[in-house]
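Sequence lines set the chain letters: A, B, ... in the order given, protein chains first and strands last, and positions in each chain run from 1.
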Number of protein chains: 2
Amino acid sequence: MAADQVEQVRRFNRTVAERVGVLNDHYLGGARPYGQARLLWQIGDGGTHDVRGVRERLGLDSGYVSRLLRALERDGLVTVEPHPRDKRVRTVRLTEAGQRERAFLDDRSDALAASLLDPLDARQRERLTSAMAEVERLLTASMVSLEELDPGHPDAAHCLRSYAAELGGLFDGGFDPGHSLLPDPGELRAPRGLFLVARLHGEPVGCGGLKLPAGAPAEIKRLWVSPGTRGLGLARRLLSELEAHAARHGRDRVRLDTNKALEAAMRLYRDTGYTEIPAFNDEPYAHHWFEKRL
Amino acid sequence: MAADQVEQVRRFNRTVAERVGVLNDHYLGGARPYGQARLLWQIGDGGTHDVRGVRERLGLDSGYVSRLLRALERDGLVTVEPHPRDKRVRTVRLTEAGQRERAFLDDRSDALAASLLDPLDARQRERLTSAMAEVERLLTASMVSLEELDPGHPDAAHCLRSYAAELGGLFDGGFDPGHSLLPDPGELRAPRGLFLVARLHGEPVGCGGLKLPAGAPAEIKRLWVSPGTRGLGLARRLLSELEAHAARHGRDRVRLDTNKALEAAMRLYRDTGYTEIPAFNDEPYAHHWFEKRL
DNA sequence: GCCATTACCTGACTAAGGTCAGAGAATGGC
DNA sequence: GCCATTCTCTGACCTTAGTCAGGTAATGGC
């Protein structure tokens with residue numbers, strides 16, 4: 001890794017995290033302690049929420065949240081009631097005053113953002129916001145982790161279901177994995193193959209499988225990226241990781257088949273060094289076959 | 001201001017401040033409390049520093065710093081000694097253990113930065129770091145504030161000295177403000193004119209003066225931006241602010257003269273709507289004269 | 001030599017953010 | 001109906017990051 005890139009990231013962390021933090025304190029501080037504000041924000045704007053769920057999303061201690069809720073209750077910003085169906089669980093909702101407070105915090109946040117944009121001219125604002133979007137996008141991409149999972153794992157299954165559902169909508173005549181050449185994802189289990197799941201904040205957001213048939217090229221299967229995380233280069237990363245696994249298992253070629261409806265996928269294959277070859281299987285859903293030498 | 005830009009800035013603040021913060025805690029937390037780490041960092045890598053100076057740069061309470069120093073001293077990371085020439089002042093320096101600790105924090109910071117870059121491919125790293133540099137640059141630009149100061153104010157005087165020193169190096173035959181048409185910056189004092197100083201973190205980093213002669217167009221003088229803050233659009237901002245002042249004082253034209261050595265300045269003038277006109281004064285250091293209708 | 005000022009230290013205090021170990025009530029599986 | 005589990009709450013406790021009001025020693029201007 002280039003040292004000047006590391007240095008740039010460090011400088012960014014220092015200046016931005018610090019300066020934005022200072023401004024944050026200036027604009028939002030004083031109004032309400034950070035913990036309470038976070039809670040207020042998470043509870044949202046009117047609906048009821050399980051305390052449990054809120055706690056989980058914020059990753060806070062149960063006792064701590066309880067105390068924060070008492071504080072907000074004392075100030076008349078929230079009401080807490082037992083869940084109608086499970087009286088162990090308690091639900092929380094904002095009162096009108098709570099919604100006003102939340103709107104106030106919202107305004108302060110807007111004011112903070114505006115104070116950053118205000119001294120800049122139109123062109124600079126444009127450049128700042130698009131650079132911010134880029135940083136955000138790439139940081140998000142870098143928070144995605146890949147993990148080798150059993151295809152039967154709930155997260156893997158989730159991805160496979162999403163994959164099938166999406167293809168069902170795209171292919172003429174739908175898609176039924178039971179009719180494909182890979183009716184059983186168990187073929188993507190060691191030692192006959194492997195299955196990778198990509199996660200963002202713990203949620204599965206993509207997957208890819210590799211078949212490792214004995215004495216034959218490895219084969220990419222079930223490459224999928226969730227709609228919300230496209231454009232992060234995730235498919236490319238899954239693909240290159242699967243290729244690395246294939247190489248580690250002694251294969252010098254990787255093959256795959258794909259459907260004509262999957263144009264973005266085919267573009268990816270061509271961009272990353274795959275070339276189209278004649279059909280090497282009789283997968284009913286495939287129109288194109290590709291190969292790459294590793 | 002565009003609402004979607006405000007929204008983008010807010011999203012950026014949330015995700016970046018939070019995510020980088022979390023990673024920061026993960027990598028740097030536990031090692032040493034933030035306050036101590038900051039102090040350790042500021043004391044630097046071997047030399048001695050006045051406690052006073054360190055405190056000032058970090059903007060911390062004297063009592064607080066004293067306590068932090070005691071803690072670092074207890075851990076054998078720093079030694080504190082009276083200043084040889086002024087025994088009220090105390091100087092602090094890192095011990096060897098302190099330097100090791102600082103190097104350790106340094107490594108952790110590098111590891112943090114690397115952990116962000118690591119999952120990305122070369123192209124993405126390139127894009128991330130350049131977007132980070134852009135964000136940093138523009139946020140720095142937006143932290144610059146303009147203030148109307150008396151030209152005799154120490155910060156104003158600092159800018160004027162720097163201006164003269166720089167021109168002295170650039171012009172054939174040097175530059176002596178005493179020989180220019182504005183020997184006395186007092187002409188840039190209300191009601192005959194005004195003087196703006198740009199500050200970044202309190203330090204003066206640029207200036208610009210406006211002469212408001214009765215019954216004549218306003219005149220831009222002494223426009224200067226410190227070398228370290230060039231490329232932030234600061235000159236453009238000073239210029240447009242001065243023009244706004246001129247308009248507020250009822251002028252419909254602004255004029256200025258400049259030296260042929262100041263190519264960047266002339267580019268700026270042309271870019272922002274100035275057109276070259278015949279000499280309107282006999283300024284000995286000028287080769288070009290410009291005017292803009294407001 | 002006096003005295004205001006400067007630099008630092010100490011003690012007392014505060015608020016926020018958080019952890020941990022139960023207690024108590026409700027629930028679900030058997 | 002019993003019992004382990006789940007969910008929330010409470011009390012006790014801790015660390016960090018400060019702030020504020022003096023106190024002490026050294027210094028510099030007069």
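- Put simply, A:Arg90 has a side-chain N or O that comes within less than 4.0 Å of OP1 or OP2 on D:dC9.
- The residue among B:Ser66 and A:Ser62 whose nearest nucleotide of DNA chain C is located toward the 5' end is B:Ser66.
- Residue B:Val51 is in sugar-phosphate contact alone, with no base atom involved, counting any heavy-atom pair closer than 4.0 Å across all strands shown.
- Nearest to the side-chain atoms of B:Arg88 among the listed nucleotides C:dA25, D:dT8, C:dT6 stands C:dT6.
- We find that CZ of B:Arg85 is positioned 24 Å from P of D:dA25, with the value rounded to whole Å.
- Scanning all heavy atoms of the two residues, the minimum distance from A:Arg237 to A:Ser145 falls at NH2-CA, 4.1 Å.
- With salt bridges taken as basic N to acidic carboxylate O contacts below 4.0 Å, none links A:Glu81 and A:Arg90.
- Here D:dT27 presents its P atom at 14 Å from CG of B:Asp50, a figure rounded to the nearest Å.
- Electrostatic pairing of B:Arg52 and B:Asp86 does not count as a salt bridge here, judged by no charged N lying under 4.0 Å from a carboxylate O.
- Between A:Lys87 atom NZ and D:dT8 atom C1' the separation is 15 Å, expressed in whole Å.
- With hydrogens and angles left out, the side-chain atoms of B:Arg11 and B:Thr15 include no donor and acceptor closer than 3.5 Å.
- Residue A:Arg52 places none of its side-chain N or O atoms closer than 4.0 Å to OP1 or OP2 of D:dT6.
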Please list, pair by pair, any protein nitrogen or oxygen found under 3.5 Å from a nitrogen or oxygen in nucleotides 17-21 of chain D.
| residue | atom | partner | partner atom | Å |
| --- | --- | --- | --- | --- |
| D:dA17 | OP1 | B:Tyr34 | N | 3.2 |
| D:dA17 | OP1 | B:Gly35 | N | 3.4 |
| D:dA17 | OP2 | B:Gly35 | N | 3.3 |

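- Computed from coordinates, the A:Glu81 CD to D:dC7 C1' distance equals 17 Å when rounded to whole Å.
- We find the CG-CG distance between A:Leu200 and A:Leu234 to be 8.5 Å, quoted to the nearest 0.5 Å.
- The side chain of B:Asp86 has D:dT27 as its nearest neighbour among C:dA26, D:dT27, C:dC8.
- Between the C1' atom of C:dA7 and the CZ atom of B:Arg70 lies a distance of 13 Å, rounded to the nearest Å.
- To the nearest 0.5 Å, atoms CG (B:Leu194) and CG (B:Asp150) are separated by 11.0 Å.
- Shortest non-hydrogen contact noted between B:Gly152 and B:Arg189 is N-NH2, 4.0 Å.
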